[in-house]
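Worksheet: one structure, shown below.
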Amino acid sequence: MAYLKKSIWMTIVYCVILITGCAPYLENNEIEEIAPVIFWSLDAAEEGKLEATTVVPPLVQEKKRILTMQVDLLKQSGKGFNLRYYRELKVGQLRVLLINEELAKKGLRPIINTIFTDPDISQRLYLVIVQGDVKDYIKEEIESQENLDYFLYRMLKHYERKRQGQLSIVNLHQFMQKLYSPFSDPILPVFKAENGNFNYEGTAIFQNDKLISVVTDSDDEIYQLIGNDYYLKYLPIPKLSVVLGHVRTNVDVTFNRDFTEMNFKVELKGRIDEYQGEKNLNDLDDLAEITNEINSHLETQTKAFLQKNQEWQTDPLDIGARTLTPFSRPIEKKEWREKWRNLQIKVKYQMDLEPLINIQE
């Protein structure tokens with residue numbers, strides 16, 4: 001009977017806890033006692049260890065400090081940081097995770113899974129690959145730029161919200177979605193920390209969770225046009241002495257019946273913003289000729305980019321998902337990978353370009 005009463009009381013207590021939302025383990029969340037960190041930086045250290053770095057405190061009138069430590073497991077860094085700082089570091093406001101390129105080449109699945117399953121960390125956390133020594137960059141910049149960590153977060157947020165078509169921005173949710181999709185591979189933006197600068201370099205292409213290659217310059221612009229934002233504010237083509245502006249694309253992909261051939265059709269609209277060649281763009285024949293040259297150049301560049309991904313056995317454009325139809329059996333992941341590697345690719349651009357004109361006339 002006593003045991004029954006005790007069980008009833010315990011059940012009531014747990015129900016009250018669940019209804020009121022009270023956690024059985026209380027945490028101190030007084031703002032004066034905690035330090036919510038905005039970013040972490042992860043690097044590969046010797047003997048298979050991780051080197052974690054962060055900056056404290058965020059957004060208060062107190063001199064910034066860099067905290068760095070080497071750990072075997074990611075969660076050890078959170079514990080270790082707390083032992084080196086008088087406030088308790090919280091990851092509830094963690095917004096940016098910088099990952100060294102060499103660490104990404106070894107595979108990110110254990111790290112990303114740990115972060116993804118942490119209920120305190122938002123899935124809108126930005127993931128960034130960094131080339132160079134980010135710790136040295138922070139040491140140099142933290143003296144002149146007081147809120148460096150917040151500056152990095154605002155920069156990424158700006159390009160995510162405005163979708164300027166200039167660079168790839170990826171958060172934790174988007175990375176995980178592609179990582180566990182049978183028909184695609186994740187991508188991440190790549191920045192280079194060097195000589196006090198933190199510059200966008202291009203897009204990192206992953207095969208499953210391992211970084212395979214980084215596409216830069218014209219290859220990255222092609223990727224922005226056909227696989228990311230489908231928009232570029234400026235598309236310079238130095239080989240033809242021309243810059244296209246406000247370029248928008250619409251991509252259509254079709255396959256033959258046995259998936260041995262792919263037709264990649266791109267409808268492109270934009271305008272000629274700058275031309276420094278020898279043709280007279282007020283002459284219709286010359287305009288048609290430069291348009292054909294741009295068309296041919298983009299077809300060659302796009303086909304080369306797709307063939308590189310075939311060689312790397314990567315699919316950052318989610319082309320495999322385009323094989324799905326409502327009334328047919330989906331292709332298995334292994335089967336699609338084999339077909340993708342051997343596909344014959346045909347690329348066709350259909351262009352609608354406004355000529356370079358003086359709008360003040």
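Bear in mind that the values here come from a model prediction, so they are computed numbers and not experimental data. Values reported hereafter were calculated over all heavy atoms of this structure, with side chains retained and with hydrogens, waters and symmetry mates removed.
- Side-chain contact between Glu274 and Ser241 is absent, with no heavy-atom pair separated by less than 4.5 Å.
- In this structure the side chain of Pro355 never reaches within 4.5 angstrom of the side chain of Leu281, judged on heavy atoms.
- Looking at Glu51 and Thr68, their side chains never bring a donor and an acceptor atom within 3.5 Å of each other.
- Put simply, the side chain of Asn342 gets close to the backbone of Glu338: a donor and an acceptor are under 3.5 Å apart.
- Side-chain N/O atoms of Asn250 and Asp252 include no donor and acceptor closer than 3.5 Å.
- Taking the centre and axis of the six-membered ring of Phe183, the NZ or CZ atom of Arg337 falls outside the cone set by 45° and 6.0 Å.
- Judged purely by atom type and a 3.5 angstrom limit, Asn309 uses its side chain to pair as donor or acceptor with the backbone of Phe305.
- Here the closest non-hydrogen pair linking Ile115 and Leu125 is CG2-CD2, 3.8 Å.
- Using cut-offs of 30° and 60° on the angle between ring planes, the pair Phe198 and Tyr137 is parallel.
- When atom types are taken as modelled, the side chain of Asn280 and the backbone of Asn282 share a donor-acceptor pair closer than 3.5 angstrom.
- Here the straight-line distance linking atom CG of Leu172 with atom OG of Ser122 works out to 8.0 Å at 0.5 Å rounding.
- The existence of a salt bridge linking Lys75 and Asp118 is confirmed by a sub-4.0 Å separation between a basic side-chain nitrogen and an acidic carboxylate oxygen.
- Counting only heavy atoms from C-beta outward, the side chains of Met262 and Ile319 approach each other to under 4.5 Å.
- Looking at heavy atoms from C-beta onward, Ile129 lies in side-chain contact with Phe206 at the 4.5 angstrom threshold.
- With a 4.5 Å cut-off on side-chain heavy atoms, Arg124 and His173 do not count as touching.
- With values rounded to the nearest 0.5 angstrom, Asp273 atom CG is found 8.0 Å from Leu244 atom CG.
- For Glu299 (side chain) and Ser296 (main-chain N/O), no donor-acceptor pair under 3.5 Å exists by modelled atom type.
- A donor-acceptor pair under 3.5 Å is absent between the side-chain atoms of Glu354 and the main chain of Gly270, judged by distance alone.
- Looking at Asp133, its side chain does come within 3.5 Å of a backbone N or O of Asp136 through a donor-acceptor pair.
- Screening Arg95, Glu160, Gln174 for a side chain to side chain donor-acceptor pair (under 3.5 Å) involving Tyr126 leaves a single residue, Glu160.
- The distance from the CD1 atom of Ile331 to the OG1 atom of Thr325 is 9.0 Å, given to the nearest 0.5 Å.
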Step by step, would you call Thr260 with Gln344 a side chain to side chain donor-acceptor pair (under 3.5 Å)? CA-CA 6 Å; Thr260 56; Gln344 295 297 314; over 6 Å; no
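- Under 4.0 Å is where a charged nitrogen must lie from a carboxylate oxygen, and between Asp318 and Lys178 at least one such pair does.
- You'll find the side chain of Leu108 stays beyond 4.5 Å of the side chain of Leu127, heavy atoms only.
- Judged by distance alone, the side chain of Trp340 and the main-chain N or O of Thr314 form a donor-acceptor pair under 3.5 Å.
- A heavy-atom distance below 4.5 Å is not found between the side chains of Glu335 and Phe259.
- When side chains are defined from C-beta on, Val247 does not count as touching Tyr234, because their heavy atoms never get closer than 4.5 Å.
- When atom types are taken as modelled, the side chain of Asp219 and the backbone of Val215 share no donor-acceptor pair closer than 3.5 angstrom.
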